[in-house]
Trainee: 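The structure follows.
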Amino acid sequence: MKLLVTGGAGYIGSVVSAQLVEAGHEVVVLDDLSTGHEDAVAEGARLVSGTLRERAPEVLAEGGFDAVLHFAAKSLVGESVEKPGLYWDKNLGESLALLEAMRVAGVEKIVFSSTAATYGEPESTPILETDPTRPTNPYGASKLAIDTSLAEYARLHGIGGVSLRYFNVAGAAGPQGERHAVETHLIPNVLKVALGERESVSVFGEDYPTPDGTCLRDYIHVVDLGVAHLLALDACEPGSHQIFNLGSGHGYSVREVIEVCRQVTGHPIPVVTGPRRAGDPAVLVASSEKIKSQLGWKPERDLRAMVGDAWTFVQGR
Ligand code: UDP
């Protein structure tokens with residue numbers, strides 16, 4: 001297939017692009033390189049640099065595209081609270097420009113990077129796709145609005161859309177991994193300590209109603225996540241919008257993650273306990289039964305593999 005990958009210079013987009021090229025697809029990456037890196041673009045993919053608004057219409061007008069995989073987004077929760085307008089404009093606004101460009105060019109399939117942040121504070125665990133969506137920050141709200149837009153474009157214009165709601169993505173795929181200018185995520189921050197770039201890692205709150213008092217999150221290896229995108233691509237059905245959670249169904253505490261990092265790196269990883277981070281729910285664990293039963297996906301790489309691959313990646317840089 002000929003595929004447009006938006007955000008293909010970013011962490012997840014670059015890993016999935018490499019898997020798509022490997023599977024024999026023709027990949028065009030569209031990325032404004034605001035947070036992505038030109039040298040992360042998968043070998044064999046063609047890079048067009050620019051925003052979706054500026055370049056998606058002309059790129060899709062080239063013709064022959066079978067589908068779009070849409071990763072391009074602003075994705076920092078804290079920043080979204082400070083600059084909601086930026087998140088609505090870049091996430092929802094640019095996605096609408098992309099959907100319009102698809103409609104005009106007659107491209108009918110899209111796989112979209114949605115997020116667990118669309119659910120907000122869960123009422124029950126594990127979270128099902130049918131659970132209420134009450135995002136607690138503009139990042140989650142803007143992603144939920146895109147999910148809704150996909151449903152409308154499916155109903156009114158016949159596109160086939162799949163939204164994949166990622167939980168906590170981690171790990172690396174050889175030369176492709178996580179390298180954000182502003183790093184907020186737990187595993188990369190712990191590995192900075194092991195690399196000697198930071199003295200200690202902060203644990204944001206130890207007074208949660210969980211077994212060791214720290215938050216539980218559902219981690220998924222970026223390679224397993226990529227496999228789900230290839231399955232989702234085949235599952236796009238004209239006129240329908242489908243939503244699937246992507247996680248392992250198992251929650252690890254912040255303390256457990258740090259312990260695995262100690263085992264993998266052999267570094268003692270000093271910890272400083274700090275206050276809770278605003279907006280962090282105590283437990284976020286996905287039910288991934290739907291994607292398992294309907295698309296035959298299953299996660300194959302555990303937390304140790306995620307930390308091990310991320311550790312190999314950061315050491316190589
Ligand atoms: N966390 C932490 N210290 C850090 C970064 C994260 O204690 O330096 C905690 C955070 O409060 C959350 C968990 O680790 O409970 C996962 O956070 P992350 O930012 O990686 O992902 P999120 O779940 O927010 O998407």
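Both counts, for ligands and for their atoms, begin at 1 and track the order of listing.
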Trainee: Look at the aromatic rings of Tyr153 and His157 and report parallel, tilted or perpendicular, splitting at 30° and 60°.
Mentor: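 The rings of Tyr153 and His157 sit tilted, inter-plane angle from 30° to 60°.
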Trainee: Going by side-chain heavy atoms closer than 4.5 Å, which hydrophobic residues are tied to Val81, directly or by a chain of links?
Mentor: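 ILVMFWY cluster around Val81 holds nothing else.
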Trainee: Restricting to side chain to side chain contact (heavy atoms under 4.5 Å, CB included), what partner residues turn up for Asp89, sequence neighbours left out?
Mentor: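 Partners of Asp89 under the side chain to side chain contact (heavy atoms under 4.5 Å, CB included) test: Arg53.
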Trainee: Looking at Leu52, Val68, Val29, which hits side-chain contact (heavy atoms from CB on, under 4.5 Å) with Leu4?
Mentor: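 Per the side-chain contact (heavy atoms from CB on, under 4.5 Å) rule, the option paired with Leu4 is Val68, out of Leu52, Val68, Val29.
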Trainee: Rest of the hydrophobic cluster containing Leu216 (Ile/Leu/Val/Met/Phe/Trp/Tyr, side-chain heavy atoms under 4.5 Å)?
Mentor: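 Taking Ile, Leu, Val, Met, Phe, Trp and Tyr as members, Leu216 shares its hydrophobic cluster with Val283, Val285.
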Trainee: Show me a pair-per-line table, with atom names and distances to 0.1 Å, of protein N or O atoms that are under 3.5 Å from an N or O of ligand 1.
Mentor:
from     : atom 1 : to     : atom 2 : distance (Å)
ligand 1 : 3 (N)  : Ser202 : O      : 2.7
ligand 1 : 7 (O)  : Ser202 : O      : 3.3
ligand 1 : 7 (O)  : Phe204 : N      : 2.9
ligand 1 : 11 (O) : Asp280 : OD2    : 2.5
ligand 1 : 17 (O) : Arg277 : NH2    : 3.4
ligand 1 : 19 (O) : Thr184 : O      : 3.4
ligand 1 : 19 (O) : Arg277 : NH1    : 3.4
ligand 1 : 19 (O) : Arg277 : NH2    : 3.0
ligand 1 : 20 (O) : Leu186 : N      : 2.8
ligand 1 : 21 (O) : Asn168 : ND2    : 3.0
ligand 1 : 23 (O) : Asn168 : ND2    : 2.9
ligand 1 : 23 (O) : Arg217 : NE     : 2.8
ligand 1 : 24 (O) : Arg277 : NH2    : 2.7

Trainee: Check step by step if salt bridge (charged side-chain N to carboxylate O under 4.0 Å, His left out) holds for Arg217 and Asp280.
Mentor: CA-CA 10 Å; Arg217 292 289 180 274; Asp280 270 343; 3.7 Å; yes
